[in-house]
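Below is one structure, written out as structure tokens; comments come after it.
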Number of protein chains: 2
Amino acid sequence: MSPARRRVIPEATIARLPVYHRCLLQMQAEERSKASSEQLAEMAGVNAAKVRKDLSYFGSYGTRGVGYGVDHLLVEIRRELGLTHDWPCVIVGAGNLGSALAKFAGFSDRGFSVVAVVDIDPARVGEQVGELVIQHEERLAELVLEHAVVIGIITTPPAAAQEAADTLTQAGVRSILNFAPTVLDLPADVLVRDVDVAVELQILAFHEERRAAAKASATAAAKPATAKPAATKPATGKQVTAKRATAS
Amino acid sequence: MSPARRRVIPEATIARLPVYHRCLLQMQAEERSKASSEQLAEMAGVNAAKVRKDLSYFGSYGTRGVGYGVDHLLVEIRRELGLTHDWPCVIVGAGNLGSALAKFAGFSDRGFSVVAVVDIDPARVGEQVGELVIQHEERLAELVLEHAVVIGIITTPPAAAQEAADTLTQAGVRSILNFAPTVLDLPADVLVRDVDVAVELQILAFHEERRAAAKASATAAAKPATAKPAATKPATGKQVTAKRATAS
DNA sequence: CAGCGCTCGTTCACATGTTCACAAAGTCGC
DNA sequence: GCGACTTTGTGAACATGTGAACGAGCGCTG
Ligand SMILES: NC(=O)c1ccc[n+]([C@@H]2O[C@H](COP(=O)([O-])OP(=O)(O)OC[C@H]3O[C@@H](n4cnc5c(N)ncnc54)[C@H](O)[C@@H]3O)[C@@H](O)[C@H]2O)c1
Ligand SMILES: NC(=O)c1ccc[n+]([C@@H]2O[C@H](COP(=O)([O-])OP(=O)(O)OC[C@H]3O[C@@H](n4cnc5c(N)ncnc54)[C@H](O)[C@@H]3O)[C@@H](O)[C@H]2O)c1
């Protein structure tokens, strides 16, 4: 085999692969067999050159003059993302958010199966959530080993997040998706991705605040000097479509 | 007043402000009155120089030889993020995720209040979720105007997301937090932030896949050439602590 | 089978973000 | 008040990511 062919794929590219994957799935559903970088870019909301560069990293051929084969590209991306096999996940903390995630069906499609949900609250243990029964948090390490869990999802209150992460790590989990607004301190070989809804809202608020400030000063400054206010300000958006931002 | 003093604050900095804010709150709770960039950096899981540069963008003084005044810095950041006033939000789609968000109490602390929740399913309309009653999606535009909603949160199925976004936009909402795995097509002045849990999982999976591949080829290659496998591979993590990644 | 048009893959210049390193500016002890 | 020590604020080097431009390769057509 020729396994280690490409190397050092940029993080930014990796973050876009799932989006391409999703677009390609949609194209497949629409029976399209070929896709040009232009079309993919349009659908994914990015630049066409970026698409080509991203795809070229893992040597996937498109065909010049034609485009990329949808099916072929899907296979490539799926292999690259490791979506060919199943990733057993565990959810720690069966509260509002943990339960919502546990009930959500959309992950299994992509090869992520939630194999266990734990909580520390005895009142919740035994409760059914989706297809699973909530287990006690004491059994977390045990469950990780039993199901060969690879990804841990933390949805505990912030104060309990570090402890949950430690337990997961000690049980061998190297990949953690953390929803708690807590900076986790873990060994360097553990990969943590934080999803913090409050942070997202605050970023939106920042820009709203700026918008308001810009408008206020434009109004206040009225006409002085140049005609900048109206002419220069809408530069906030350069693209034709909305500004977009996803997890890094 | 001296409002428009600093300009062009980098996106990356903005994304870190909420984290600093959280750390400072914690310090305040611990009655610490001063914080050095070093301490803040440690707590926020970033580099100290980055902290200083970030803070310097909006001209906040620390005191050389001493550090930053926790209270003062909190006020500055809060002002910068617009956390001094309330941001009315609306949730579109009262399913698993929408309900979890609506019930969540942690947002109001930061000035984000969910003023309405809508759903298209007649069976759900009228249902109580947290402190609110689910309204019909038809009333969305009306509710936006009535409550002067500034931020829209989309938690509908992917197929309904574009429509929800259009309605929000037409009603004047300029900031959208989108949980649906859909690329929204909106006017350039609308700021969209996507939160896609599936994408996060896929990114984790990618790195797990790479880890596995690296280990496999290290094992396969056994000893040939240099003693690299063990020595070079753990270079995955350069920092002392876990790799971290948040929304861009 | 040669010419033509299309689209990839790559290169290059630029923009954004990170880290280092150090002078300037303050505090604190004496 | 002065000198030693600490920590900020920032300039400059480096790293990463983006977007435009363009040559090279492929399929189609006549
Ligand atoms: N919409 C949301 O729910 C939302 C939004 C943004 C952020 N968050 C964050 O996500 C996390 C969970 O939020 P939530 O609303 O689901 O909270 P929640 O209080 O509803 O649920 C937390 C659950 O974790 C359990 N728990 C506590 N300590 C535990 C431990 N050591 N091990 C296992 N389980 C433990 C609790 O018993 C509880 O059931 C919080 O950190 C919150 O800040 C939630
Ligand atoms: N854990 C999760 O729940 C989770 C995780 C990742 C992604 N997501 C995404 O978040 C979104 C919501 O997920 P969910 O699990 O809450 O789904 P859900 O099916 O439980 O909820 C969706 C709700 O939206 C309502 N709806 C449909 N069309 C609407 C419209 N036009 N206007 C208003 N409401 C409408 C439906 O009636 C339903 O109540 C989905 O796009 C999903 O892919 C959810």
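Chain identifiers are assigned alphabetically (A, B, ...) following the order of the sequence lines, protein sequences preceding nucleic acid strands; residue numbering begins at 1 within each chain.
Listed nucleotides D:dG9, C:dT11, C:dC20 differ in distance to B:Tyr68; the shortest reach to its side chain belongs to D:dG9. Comparing C:dA23, D:dG19, C:dG9 by their closest approach to the side chain of B:Arg64 singles out C:dA23. For A:Arg52, the listed nucleotide lying nearest its side chain is C:dT10; candidates were D:dG27, D:dG17, C:dT10. Side-chain proximity of B:Glu11 to C:dG17, C:dC12, C:dT18: nearest is C:dG17. When distances are taken from the side chain of A:Lys53 to each of D:dG19, D:dG17, D:dT8, the shortest belongs to D:dG19. Taking every side-chain heavy atom of A:Thr63 into account, D:dG27 is the closest of D:dG27, C:dT19, C:dC8. Of the candidates D:dG19, D:dT8, C:dC8, the closest approach to any side-chain atom of A:Asn47 belongs to D:dG19. The side chain of B:Ala49 has C:dA21 as its nearest neighbour among C:dT10, C:dT27, C:dA21.
When the side-chain nitrogen and oxygen atoms of A:Ser37 are compared with OP1 and OP2 of C:dT7, none of them lie within a distance under 4.0 Å.
Distance NZ (B:Lys34) to P (C:dT27): 9 Å, rounded to an integer number of Å. Following rounding to the nearest Å, B:Ile9 (CD1) and C:dT18 (P) show an atom-to-atom distance of 14 Å. Between the CD atom of B:Glu38 and the C1' atom of D:dG9 there is a distance of 15 Å, given to the nearest Å. Across the protein-nucleic acid pair, B:Phe58 atom CZ and D:dG9 atom P stand 11 Å apart, rounded to whole Å. Between the P atom of D:dT8 and the CD atom of B:Glu76 lies a distance of 16 Å, rounded to the nearest Å. Distance B:Leu55 CG to D:dT8 P: 9 Å, rounded to the nearest Å. Computed from coordinates, the B:Gln39 CD to D:dT6 P distance equals 14 Å when rounded to whole Å. As a whole-Å value, the separation of A:Tyr57 OH from C:dT11 P is 11 Å.
At distances below 3.5 Å, not a single donor-acceptor pair connects side-chain atoms of A:Thr155 with backbone N or O atoms of A:Leu97.
Across B:Asp196 and B:Pro181, no two heavy atoms sit closer than the pair OD2-CB, 3.3 Å.
When the nearest nucleotides of DNA chain D are assigned to A:Val66 and B:Ser36 by heavy-atom distance, the more 5′-ward of the two goes with B:Ser36.
Defined by atom type and a distance below 3.5 Å, a donor-acceptor pair is missing between the side-chain atoms of A:Asp166 and A:Gln170.
Within 6.0 Å of the CD atom in A:Glu30, the count of heavy atoms belonging to other residues, nucleotides or ligands exceeds 12. When the shell of 6.0 Å around CD of B:Glu42 is examined, it contains 12 or fewer heavy atoms from other residues, nucleotides or ligands.
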